[in-house]
Amino acid sequence: MASRTARPSLHALTLRLGAMLLLGALSLGAVGCSHSAAGGVRVVASFYPLAWAAERVGGSRVSVEDLTPPGVDAHDTSLSARQRADLETADLVLVLGDFGFQPEVERAASDASGVVVEVARGLALTPSGEANLEFDPHVWLDPVLMEGIVREVAGGLVRADPAGRSGYRRREAATLRDLTALDGAYRTGLAACRFRTLVTTHEAFGYLAARYGLTQLGIEGLTPESEPAAARIQAAVDAIRSGAAAPAVFFESTAEGRRVGESVAADIGVPALPLGTLESVPTSGDYLSVMRANLSSLQEGLQCPS
Ligand SMILES: [Zn+2]
């Protein structure tokens with residue numbers, strides 16, 4: 001009798017099977033949603049450009065969680081307990097590198113059980129000259145270096161989910177074509193500008209400036225500061241007043257960046273123009289459309305014929 005009560009009846013098995021099928025269907029339906037623990041290849045990205053690349057290349061096979069919240073810069077992103085658990089159990093973890101850009105995320109990545117990819121590992125990085133930050137991290141703002149990031153993300157997806165290889169390679173190629181077109185638009189659009197030096201708030205555009213023959217003069221450093229040094233503000237003001245830099249202040253798209261940029265621009269009487277750093281998810285559009293909007297801002301501020 002004991003063995004008979006321990007064995008589930010055929011009816012109970014049928015019910016359980018039905019429930020499992022239903023759960024399976026629900027999981028499939030959830031693929032592609034952010035923050036979803038259900039179904040698909042689970043990717044955790046340390047900040048927006050890596051999440052964008054994973055979504056573009058991963059398509060509907062992946063669910064992507066971006067660890068950096070909207071409206072902030074990605075430097076020193078901190079982790080909640082839930083985010084840390086997600087990172088430790090994800091199929092694929094994407095970080096920029098291990099050089100002090102996001103120290104808490106970088107440390108947590110070393111405890112992750114899935115595939116971990118440092119997407120900037122193979123790129124030629126510029127030393128930062130700042131304490132606790134080995135290199136200038138802002139590689140994603142150069143469309144050509146972003147192509148290298150997309151290749152690393154695609155490679156990571158193939159390693160984490162070999163069955164999805166053909167789709168990943170197909171979407172990788174399409175994303176690379178978009179970035180090549182973006183690079184072409186920058187080359188053409190910035191070829192004949194009246195000014196070639198730009199004053200920025202957060203000094204995030206060094207790689208972009210080097211790519212297209214521009215010079216960047218940052219009011220803040222490679223790491224955003226709420227109270228920039230008076231000497232740096234003065235140097236920027238002098239460069240604009242003397243005509244060495246374009247008559248505009250480009251500000252990063254955080255509340256703090258806007259405040260600093262608009263205040264310096266108002267003091268000199270020049271326009272403040274937005275230049276998104278893409279360090280967190282944009283309020284509208286995506287990586288490509290913000291980069292196109294940045295090009296328009298640069299063409300306006302540097303006075304480039306379009
Ligand atoms: Zn930055």
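Just so you know, ligand 1 is whichever comes first in the structure, and atom 1 is the first atom listed for that ligand.
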*Counterpart residues, side chain to side chain donor-acceptor pair (under 3.5 Å), relative to S46 (two or more places apart)*: Q102
_Restricting to under 2.8 Å, identify the protein N, O or S atoms around the Zn ion (ligand 1) as residue plus atom._
H75 NE2, H138 NE2, H202 NE2, E279 OE2
*For L92, the option from D161, V115, V62 that meets side-chain contact (heavy atoms from CB on, under 4.5 Å)*: V115
*Output all residues satisfying salt bridge (Lys or Arg N to Asp or Glu O under 4.0 Å) with R165, sequence neighbours left out; order by chain, then residue number.*
none
*Show your working on side chain to side chain donor-acceptor pair (under 3.5 Å) between D136 and H138 and close with a plain yes or no.*
CA-CA 6 Å; D136 178 352; H138 302 97; 2.8 Å; yes
Could you tabulate the donor-acceptor pairs under 3.5 Å formed by side-chain atoms of residues 295-302, not counting sequence neighbours?
{"unit_1": "S296", "atom_1": "OG", "unit_2": "R292", "atom_2": "O", "d": "3.4"}
{"unit_1": "S297", "atom_1": "OG", "unit_2": "P274", "atom_2": "O", "d": "2.7"}
{"unit_1": "Q299", "atom_1": "NE2", "unit_2": "G189", "atom_2": "O", "d": "3.2"}

*Does the side chain to side chain donor-acceptor pair (under 3.5 Å) test come out yes or no for T68 and E279, once each step is laid out?*
CA-CA 8 Å; T68 300; E279 293 190 9; over 6 Å; no
